[in-house]
Structure formats: structure tokens, C-alpha cells
K.L.:
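A single structure is presented below for examination.
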Amino acid sequence: MPRRSYNDDDVVATYSEDHRSTQKQKYMAPSTVRLASHNKTRVAYFHDEGVGNYHYGEHHPMKPHRLTLTNHLVLNYGLHQKMEIFQPRRATDTEILEFHAEDYVDFLKRVTPDNAEQFESLFQRFNVGDDCPIFDGIYDFCQRYAGATIEASRKLIANGADICINWSGGLHHAKKCEASGFCYVNDIVLGTLELLRYFPRVLYVDIDIHHGDGVQEAFYLTDRVMTVSFHKYNGDFFPGTGHIDEIGSSLGKYYSVNVPLRDGIDDDAYVWLFKEVIDAVMGTFQPSAIVLQCGADSLGCDRLGCFNLSIEAHGRCVQIIKGFKLPLLVVGGGGYTVRNVARCWTYETSILVDTTLSNDLPPNEYRDFFRPDYKLHPHLSGRVENQNDRQYLLKVRERVMEQLRYLDAAPSIQMQEIPPDIQGFLDGEAEIRDAKDDSEAGKDRRRSGGRVIVEGEWYEDDNDNDGDAKDSSWQKNNGMELDV
């Protein structure tokens with residue numbers, strides 16, 4: 001069946017094809033594309049054998065064991081033969097403190113299930129509870145997954161690889177001073193701060209069904225990181241942020257891009273919108289490196305999700321990002337139907353190493369997890385009615401393009417302007433924020449109590465995202481040709 005997409009007549013004028021071609025030439029120029037001398041993509045895979053052995057609790061949806069399943073599929077498909085494999089070291093306290101507050105890190109180091117009562121007075125302060133429980137080895141777990149992301153970032157900086165993979169990372173909700181959404185230490189922020197030591201501009205792309213709020217918040221005031229998040233948004237769905245009007249502030253104004261989606265989005269719609277947005281972002285921001293968060297809870301049939309994406313469509317987004325041939329850090333994220341998470345990240349590993357996999361899963365120690373079909377690509381779509389009609393998706397696209405038009409070109413960052421230490425970078429951002437207090441943006445921020453004012457113009461009523469709307473089947477009924 002032919003893929004379909006929007007006709008130009010259907011859209012408010014944004015970027016012309018000539019403009020897109022010009023922008024593509026800019027970010028694909030030799031000065032911005034770093035290829036290995038042998039023209040073969042070099043992939044480094046970071047996996048700590050012990051990271052899958054932690055347990056959040058019997059009924060908790062987060063299962064680190066999914067990382068063990070993923071690694072077994074990667075090995076049994078023979079993908080390790082196409083990559084360099086690294087056992088990463090654990091992150092040090094000093095490295096974690098590059099972003100997180102000292103009292104919060106001290107709490108994580110000291111608290112255990114056995115002494116939890118002694119720290120109960122701090123639980124609310126650090127947002128510890130049902131979603132973010134105290135379990136055995138909690139800080140050790142954080143050190144393992146964060147250490148892998150930091151090591152992967154340094155590998156890219158040293159030009160030791162073109163793509164680095166850490167499926168244990170991607171915990172994008174953790175804040176500077178608190179846990180959130182099953183996340184305790186924000187390895188993405190730590191890895192991005194490492195990348196900023198060398199790369200002038202870093203693009204962060206998030207395809208988890210939940211908004212990447214922790215990463216957006218960390219870089220909300222800077223123009224050196226652009227965050228782009230594709231997620232469900234209705235004001236209530238966790239974490240409650242990610243409205244399209246959250247665009248950044250101070251120097252970072254317009255550098256936070258949010259793509260709010262409704263329940264049930266399908267493959268064609270998601271991939272079309274993803275490519276439209278990312279092409280425009282790349283042409284405008286012209287990043288030096290990319291961090292891609294591949295949360296698998298955006299797949300159909302996820303325990304906590306409500307989209308209809310197949311593993312193939314999820315992987316198509318990875319393929320699009322890979323095609324820009326920039327230094328790329330790939331991390332995991334959400335995903336709560338364990339067998340599908342393992343399938344998805346294995347398939348995406350194959351994409352990153354340019355290898356085609358059989359749909360029949362290879363024999364492996366955890367084969368029974370994949371019953372009854374034992375396939376790499378099970379049918380995952382159609383469970384939730386698609387509430388993302390053509391008009392809504394065009395409107396989202398139009399708003400994103402409008403935001404990007406405020407950015408005439410990539411910010412001019414010279415290498416000597418990059419601070420020698422990360423704390424200097426963070427302190428510099430604080431100074432910038434103080435200096436901007438008297439600006440119009442500062443006045444707006446103070447009037448809104450430091451928060452972005454969220455308007456309801458995108459959602460007509462409370463039922464827009466409740467999963468009960470009719471299936472729009474927009475891609476079949478509107479004469480659209482998907483150019484992907």
C-alpha cells in the first residue's frame with residue numbers, strides 16, 4: 001500500500017523546498033559532518049552486566065531486567081560483531097554532582113530499605129515514594145547507568161566512535177534536586193554537559209511517550225542545547241508538562257520544541273510529523289552532535305502507553321536521525337512491556353550497525369518471554385483509537401515551524417567560549433538569567449511566577465485525549481503522500 005502525505009496546498013507556507021535544500025547543504029557540509037576515515041560508521045555499545053539485576057519492587061512497572069533481555073537478543077543476533085563492546089565504569093560522585101544537588105546525592109548514597117524510616121522526613125523533599133521507591137542498591141544503579149552515558153559521551157568527544165549506544169540510560173525525568181518518574185539521576189543531562197565541553201551545539205530528541213521534562217528544564221535558558229520532545233500531552237498525563245507554548249526562556253527562548261500528541265497516533269502520522277519537524281530543526285539549529293532518547297513506551301500495547309506505533313516505525317525515527325551523520329549518542333528510556341522493549345532496542349541496534357535481522361528471534365536464554373509468536377516484529381497497532389486527525393497534526397506542524405522561524409540561524413559559538421569546566425557553564429547560565437531579569441522575557445517570567453503560562457487553545461475540551469474519540473484514519477482518507 002503506498003505511503004501517503006500532505007500536499008503542499010494543505011499547509012500554511014513554511015519552509016520552501018529551496019530553503020530546505022539550502023539548509024540541508026549547511027548542516028551536511030564537510031565542516032559539520034564528522035565521518036570515520038574509512039567511511040564506515042563506527043558504533044560503540046556500552047553495557048554493564050549488572051545493571052539489569054536491580055528491582056524497583058514487585059508491582060512496580062519499571063523493570064531493569066529488560067536491559068538483560070535486550071543484551072541477550074543483541075548478542076544472539078550477532079550484533080556485537082558489528083560494534084565495539086565496552087563495560088563502562090560507574091559514575092563518580094563528582095561527576096553526578098556536575099548537575100545534581102549535593103544534599104540530594106548524599107541522600108541517595110545513604111538511604112536503603114532497611115534505614116528508610118530514618119530518612120522519611122526527606123521523602124517529600126526529594127520526591128521519593130510510590131513512583132520512585134527506595135530499593136536495594138539504588139545509588140549503585142544510578143552510578144551504573146549514568147556512568148555508561150558519561151563514558152559514551154567521552155567516546156564521541158574523543159572521536160573514538162560515530163555512534164554510542166547505552167540502552168540503560170535515558171532517564172529523562174530526574175531533576176537537579178529530586179527524583180521523578182522512576183528516574184533518580186538524569187544521565188542525559190550529565191552526558192550532554194560532557195558533550196558541551198567540545199561540541200558547540202547539541203540537539204536532544206526524545207521519542208518517549210512522556211515529555212522529557214528533566215532535560216528540558218536543565219537547558220531551558222541556553223541556546224547551546226535544543227530539546228525536541230514528541231509526547232502525549234493533555235495537561236494531566238505524566239509529567240503534565242510539554243505544552244507547545246513551552247519554548248524556552250532568556251537565551252534559550254525558542255530552543256525548547258514540544259510536539260504534543262493525542263492518544264492512538266499511528267505509524268504513518270508519527271513518522272511524517274517526526275521527519276517534518278526534525279528536518280526543520282536540523283536546518284535551523286545546525287547541531288554539532290545529537291542525543292536521541294528512544295523511550296519504548298511510545299510503542300503500541302505498552303503497559304503505560306496509549307500510542308499505536310510499531311517497532312518498525314519507532315526504528316524509522318532512529319534511522320532518520322542516523323542519516324544526518326553527526327556524532328550520535330543513543331539512550332533508552334521508558335518502556336514497560338518488557339518483551340517489546342527488548343525487541344525494539346535490539347531492532348534499533350541493528351539499524352545503527354546497518355544490519356538486517358530475521359523476524360524469527362534467535363534461540364536465547366529468555367526465549368519464553370517472547371511467547372507465543374517468537375517474532376521480532378509483533379503486531380502492536382490498533383489497540384487505541386487514533387485521536388490525531390489531519391487538521392490537528394497540520395496545526396502542530398505549523399506552530400513548530402512558526403517557532404523555528406524566530407531563529408534566523410544557529411547561534412554563533414566559538415570553541416574558546418566553551419568554559420573549561422561544566423560548573424562554569426552552569427554558573428554562567430545563572431549569571432545570564434540574572435542579567436536578563438529586566439528584559440521583556442524576564443518580566444513575563446516574573447509575572448507568571450517563573451512558569452510558562454499554558455493556554456488551552458490546543459484542546460477544545462477535557463475529552464480530547466481520553467482515548468474515547470473516533471478513529472480518524474487520517475492517512476487513508478485525505479489524499480496525503482508520506483515522503484519518508
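These values consider heavy atoms only, across backbone and side chains, with no hydrogens, waters or symmetry-generated copies.
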K.L.:
Just by distance, do the side chain of Q293 and the backbone of G295 share a donor-acceptor pair under 3.5 Å?
P.N.:
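Such a contact is found between Q293 side chain and G295 backbone.
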K.L.:
Restricting to non-hydrogen atoms, name the atom on S310 and the atom on A313 that form the minimum distance, rounded to 0.1 Å.
P.N.:
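What the structure gives for the nearest pair is OG-N, 3.1 Å.
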K.L.:
Tell me, please, which residues at least two apart from H172 pass ring-ring contact (aromatic ring centres under 6.0 Å, His included).
P.N.:
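Testing H172 for ring-ring contact (aromatic ring centres under 6.0 Å, His included), a comparison that skips the adjacent residues, returns none.
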K.L.:
Please identify each residue that fulfils side chain to side chain contact (heavy atoms under 4.5 Å, CB included) with V341, with sequence neighbours left out.
P.N.:
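V341 satisfies side chain to side chain contact (heavy atoms under 4.5 Å, CB included) with R66, A296, W345 once adjacent residues are dropped.
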K.L.:
Among L261, I209, I265, exactly one meets side chain to side chain contact (heavy atoms under 4.5 Å, CB included) together with S298. Which residue is that?
P.N.:
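Going through the options one by one, the only one that passes is I209.
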K.L.:
Do any pairs count as a salt bridge (Lys or Arg N to Asp or Glu O under 4.0 Å) and have a residue in residues 351-366, sequence neighbours left out, and if so which ones?
P.N.:
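Applying salt bridge (Lys or Arg N to Asp or Glu O under 4.0 Å) to every pair that reaches into residues 351-366, excluding sequence neighbours, yields K322-D354, D360-K375.
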K.L.:
When you check the side-chain N and O atoms of Y45 and N71, is any donor under 3.5 Å from an acceptor?
P.N.:
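There is such a pair between these side chains.
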K.L.:
Can you pull the salt bridge (Lys or Arg N to Asp or Glu O under 4.0 Å) pairs that have at least one residue in residues 81-90, sequence neighbours excluded?
P.N.:
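For residues 81-90, and leaving out neighbouring residues, the salt bridge (Lys or Arg N to Asp or Glu O under 4.0 Å) pairs sorted by first residue read R89-E95, R89-E151, R90-D140.
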K.L.:
Can the ring centres of Y145 and F141 be said to be less than 6.0 Å apart?
P.N.:
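For Y145 and F141, the ring centres are under 6.0 Å apart.
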K.L.:
For a side chain to side chain contact (heavy atoms under 4.5 Å, CB included) with L328, tell me which candidate from I163, L203, I165 qualifies.
P.N.:
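It is I163; the other options fail the test.
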K.L.:
With salt bridge (Lys or Arg N to Asp or Glu O under 4.0 Å) as the rule and sequence neighbours excluded, what pairs involving residues 337-350 come up?
P.N.:
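Non-adjacent pairs meeting salt bridge (Lys or Arg N to Asp or Glu O under 4.0 Å): R343-D373.
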K.L.:
How would you list, by chain and number, every residue that makes a side chain to side chain contact (heavy atoms under 4.5 Å, CB included) with A174, sequence neighbours excluded?
P.N.:
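A174 satisfies side chain to side chain contact (heavy atoms under 4.5 Å, CB included) with H100, C183, N186 only.
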K.L.:
If I compare all heavy atoms of P287 with all of M282, which pair ends up nearest, and what's the gap?
P.N.:
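That would be CG-SD, 3.6 Å.
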K.L.:
Would you please name every residue forming a ring-ring contact (aromatic ring centres under 6.0 Å, His included) with F182, sequence neighbours left out?
P.N.:
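If we apply the ring-ring contact (aromatic ring centres under 6.0 Å, His included) test to F182, skipping adjacent residues, the hits are H60, Y336.
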K.L.:
Which heavy atom of T112 sits nearest a heavy atom of I134, and at what distance?
P.N.:
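Looking at all heavy atoms of both residues, the closest pair is C-CG2, 3.6 Å.
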K.L.:
Check for a donor-acceptor pair, side chain of E246 on one end and backbone N or O of G242 on the other, with a separation under 3.5 Å.
P.N.:
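Indeed, once roles are kept as given, a pair shorter than 3.5 Å links the two residues.
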K.L.:
With distance as the sole criterion, is a donor-acceptor pair present between the side chains of H211 and N258 under 3.5 Å?
P.N.:
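There is such a pair (donor and acceptor under 3.5 Å, judged by atom type) between the side chains of H211 and N258.
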K.L.:
Are the side chain of D208 and the backbone of D297 linked by a donor-acceptor contact shorter than 3.5 Å?
P.N.:
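No.
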K.L.:
Would you say that more than 12 heavy atoms from the other residues, nucleotides or ligands in this model lie under 6.0 Å from the CG of D368, or not?
P.N.:
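Atom CG in D368 is crowded, with more than 12 foreign heavy atoms closer than 6.0 Å.
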K.L.:
Could you label the plane-to-plane angle of the Y184 and Y56 rings as parallel, tilted or perpendicular, counting under 30° as parallel and over 60° as perpendicular?
P.N.:
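Rings of Y184 and Y56: tilted, 30 to 60°.
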K.L.:
Name all pairs fulfilling the salt bridge (Lys or Arg N to Asp or Glu O under 4.0 Å) condition that reach into residues 54-64, sequence neighbours left out, sorted by first residue then second.
P.N.:
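Pairs touching residues 54-64 that pass the test: none.
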K.L.:
Testing the 3.5 Å rule here: is there a donor-acceptor pair between the side chains of R42 and N159?
P.N.:
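There is such a pair between these side chains.
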K.L.:
Tell me if a side-chain donor or acceptor on S153 pairs with a main-chain N or O of G191 at a distance below 3.5 Å.
P.N.:
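Flag set: sc S153 to bb G191 pair under 3.5 Å.
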K.L.:
Thinking salt bridges, do K175 and D213 make one under a 4.0 Å N-O criterion?
P.N.:
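Salt bridge flag = yes for D213 with K175.
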K.L.:
With no hydrogens and no angle check, just 3.5 Å: does a side-chain donor-acceptor pair link D162 and T41?
P.N.:
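D162 vs T41: no donor-acceptor pair found between side chains.
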K.L.:
Name all residues meeting the side chain to side chain contact (heavy atoms under 4.5 Å, CB included) criterion together with N308; count only those two or more places apart in sequence or in a different chain, and write none if there are none.
P.N.:
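N308 satisfies side chain to side chain contact (heavy atoms under 4.5 Å, CB included) with S381, R383, V384 only.
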K.L.:
Taking all non-hydrogen atoms of both residues into account, name the closest pair between L329 and A152 and its distance.
P.N.:
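Shortest heavy-atom contact: CD1-CB, 3.6 Å.
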K.L.:
Determine the minimum heavy-atom distance between V185 and A146, stating which atoms define it.
P.N.:
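V185 and A146 have their closest heavy atoms at CG1-CB, 4.0 Å.
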K.L.:
I'd like to check the ring-ring contact (aromatic ring centres under 6.0 Å, His included) partners of Y204; sequence neighbours left out, ordered by chain and number.
P.N.:
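If we apply the ring-ring contact (aromatic ring centres under 6.0 Å, His included) test to Y204, skipping adjacent residues, there are no hits.
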K.L.:
Looking at every non-hydrogen atom in both residues, tell me the closest pair between S256 and Q403 and how far apart they are.
P.N.:
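Answer, listing the atom of S256 first, then Q403: O-NE2, 2.8 Å.
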K.L.:
Please determine if E398 and K395 form a salt bridge, counting it only when a charged side-chain N lies under 4.0 Å from a carboxylate O.
P.N.:
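No salt bridge links E398 with K395.
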K.L.:
Which residues pass the ring-ring contact (aromatic ring centres under 6.0 Å, His included) test with H65, not counting sequence neighbours?
P.N.:
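Partners of H65 by the ring-ring contact (aromatic ring centres under 6.0 Å, His included) criterion, ordered by chain and then number, come out as Y366, F369.
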K.L.:
Who passes side chain to side chain contact (heavy atoms under 4.5 Å, CB included) against Y77, sequence neighbours left out?
P.N.:
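Partners of Y77 by the side chain to side chain contact (heavy atoms under 4.5 Å, CB included) criterion, ordered by chain and then number, come out as L79, T346, L357, L361, P362, L376.
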K.L.:
Do V257 and V400 pass the side chain to side chain contact (heavy atoms under 4.5 Å, CB included) test, and can you show the C-alpha distance, the side-chain angles, and the key distance before you say yes or no?
P.N.:
CA-CA 7 Å; V257 177; V400 171; 3.9 Å; yes
K.L.:
Examine H377 together with Y347 and report whether their ring centres are nearer than 6.0 Å.
P.N.:
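Judged by ring-centre distance (under 6.0 Å), H377 and Y347 do meet the cut-off.
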